[in-house]
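Sharing a structure here in structure tokens format.
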Amino acid sequence: MDCIFCKIARNEIPSKKIYEDDYMLAFNDINPQAPVHILVIPKQHIPSLDEINTGNSDVIAKIFECIPPIAASAGLINGYRLISNCGSDACQSVGHLHFHILGGRQLPANMA
Ligand code: 5GP
Ligand code: ZN
């Protein structure tokens, strides 16, 4: 599978890992848009939010359970933003579901 995030999950491409378990990986974005910019991915290849279903939503639940402690361990005591770009209108550039955790500064109110 020629997917960059699958390769990161398999350690074929290096990343700065923040958290890892059997189901997910959190690592620093290579092009950070904020002082803290972490990507959280399922290890299994799910292309986007549109492909979440009853067969894989258990992994999504585990990811969401882990996001608050990951944000806390990154020092985001004043809050953070969680984003998942889905499809071309949202400028999704990597076709493997991922959640951006952004924080460490005041973020703009208008995201669009
Ligand atoms: P998207 O635009 O799909 O929502 O977000 C993709 C993100 O993946 C971007 O923020 C981009 O900087 C990040 N990214 C792309 N390739 C790599 C990579 O090889 N390593 C890491 N750590 N991040 C990457
Ligand atoms: Zn993938």
Side-chain angles (χ1 to χ4, degrees):
M1 175 86 74
D2 192 28
C3 167
I4 196 162
F5 287 178
C6 281
K7 288 179 179 173
I8 286 175
R10 294 195 299 260
N11 291 312
E12 293 168 13
I13 294 175
S15 67
K16 295 218 167 143
K17 288 182 194 171
I18 305 290
Y19 173 80
E20 181 173 18
D21 64 23
D22 288 346
Y23 306 98
M24 79 191 77
L25 178 64
F27 54 98
N28 284 329
D29 195 291
I30 203 167
N31 183 24
Q33 304 299 307
V36 175
H37 188 168
I38 297 167
L39 299 174
V40 187
I41 66 169
K43 286 191 167 176
Q44 72 182 89
H45 183 81
I46 301 171
S48 78
L49 289 173
D50 279 344
E51 285 76 27
I52 295 173
N53 55 48
T54 52
N56 59 29
S57 58
D58 55 336
V59 175
I60 307 304
K62 289 178 192 298
I63 287 174
F64 273 75
E65 287 169 21
C66 283
I67 283 171
I70 289 170
S73 70
L76 299 176
I77 55 172
N78 292 320
Y80 56 92
R81 182 167 288 158
L82 186 69
I83 293 174
S84 186
N85 296 317
C86 180
S88 58
D89 273 7
C91 301
Q92 182 180 1
S93 63
V94 177
H96 181 129
L97 178 63
H98 52 283
F99 299 95
H100 299 255
I101 300 174
L102 292 156
R105 64 167 164 79
Q106 181 64 58
L107 299 170
N110 186 345
M111 292 186 292

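Ligands are counted one by one from 1 in listed order, and the atoms in each one are counted from 1 as well. What you see below is based on every heavy atom in this structure, not just the backbone, and it leaves out hydrogens, waters and symmetry mates. Quantities reported herein were computed from a predicted structural model and do not represent experimental measurements. Positions are given from 1 along the sequence.
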Could you check whether atom OH of Tyr19 has more than 12 heavy atoms from other residues, nucleotides or ligands sitting under 6.0 Å from it? yes
Around atom CD of Glu12, are there more than 12 heavy atoms from other residues, nucleotides or ligands closer than 6.0 Å? yes
Closest non-hydrogen atom pair between Ser48 and Leu97, with its separation: C-CD1, 3.7 Å
In the protein, which heavy atom is nearest to atom 8 (O) of ligand 1, and how far is it? Phe5 CZ, 3.4 Å
Any nitrogen or oxygen of Val94 lying under 3.5 Å from a nitrogen or oxygen in ligand 1? Just yes or no. yes
Of all the N, O or S atoms in His96, the one nearest to the Zn ion (ligand 2) is ND1
Numbering as shown, the atoms of ligand 1 that approach Cys91 to under 4.0 Å (heavy-atom distance): 2 (O)
Provide, to 0.1 Å, the distance between atom 22 (N) of ligand 1 and the closest protein heavy atom, together with that atom's residue and name. Asn28 O, 2.9 Å
Give me the atom names and distance for the closest heavy-atom approach of His96 to Phe5. CG-CB, 3.6 Å
Are more than 12 heavy atoms, taken from residues, nucleotides or ligands other than Asp89, located less than 6.0 Å from that residue's CG atom? no
Can you find an N or O of Gln92 that's nearer than 3.5 Å to an N or O of ligand 1? no
Indicate yes or no for a side-chain donor-acceptor contact from Asp58 to the backbone of Ala61 under 3.5 Å, with no hydrogens or angles considered. no
Which residue holds the protein heavy atom closest to atom 24 (C) of ligand 1, what is that atom called, and what is the gap in Å? Ile30 CG2, 3.4 Å
I'd like the name of whichever of His98, His96, His37 reaches closest to atom 1 (P) of ligand 1 through any heavy atom. His98
Shortest non-hydrogen pair, Leu102 vs Leu107, comes out as O-CD1, 3.6 Å
Would you confirm whether Lys43, through its side chain, and Asp21, through its main-chain N or O, come within 3.5 Å as a donor-acceptor pair? yes
If you consider just the N/O/S atoms, which atom of His45 is the closest one to the Zn ion (ligand 2)? ND1
Pair Lys7, Asp2 - check side chain to side chain contact (heavy atoms under 4.5 Å, CB included), show working. CA-CA 8 Å; Lys7 288 179 179 173; Asp2 192 28; 3.0 Å; yes
Could you say whether the N/O atoms of Leu39 and ligand 1 ever approach to under 3.5 Å? no
Quick check on contacts: which atoms of ligand 1 are under 4.0 angstrom from a heavy atom of Ser93? 1 (P), 2 (O), 3 (O), 5 (O), 6 (C)
Is Ile83 in contact with ligand 1, taking contact as a heavy-atom separation below 4.0 Å? no
Heavy atoms only: which of Asp29, Ile4, Leu102 lies closest to atom 12 (O) of ligand 1? Asp29
Could you walk me through whether His100 and His98 pass the ring pair (Phe, Tyr, Trp, His ring centres under 6.0 Å) check? CA-CA 7 Å; His100 299 255; His98 52 283; 5.1 Å; yes
Within the 4.0 Å heavy-atom cut-off, what His100 brings close to ligand 1 is side chain
Looking only at heavy atoms, is any part of Phe99 under 4.0 Å from ligand 1, and if so is it the side chain, the backbone, or both, or is it neither? neither
Proximal ligand 1 atoms for Asn31, defined as those under 4.0 Å from one of its heavy atoms: 12 (O)
Could you tell me whether a side-chain N or O of Gln92 sits under 3.5 Å from a main-chain N or O of Pro47, the two making a donor and an acceptor? yes
Is the shortest heavy-atom distance from the side chain of Phe27 to the side chain of Ile8 under 4.5 Å? yes
Would one find an N or O of Ser15, backbone or side chain, under 3.5 Å from an N or O of ligand 1? no
Near Phe27 (heavy-atom distance under 4.0 Å), the atoms of ligand 1 are 21 (C), 22 (N)
Is there a heavy atom in Lys16 that sits closer than 4.0 Å to ligand 1? no
Taking both backbone and side-chain atoms of Ile13, is any N or O found less than 3.5 Å from an N or O belonging to ligand 1? no
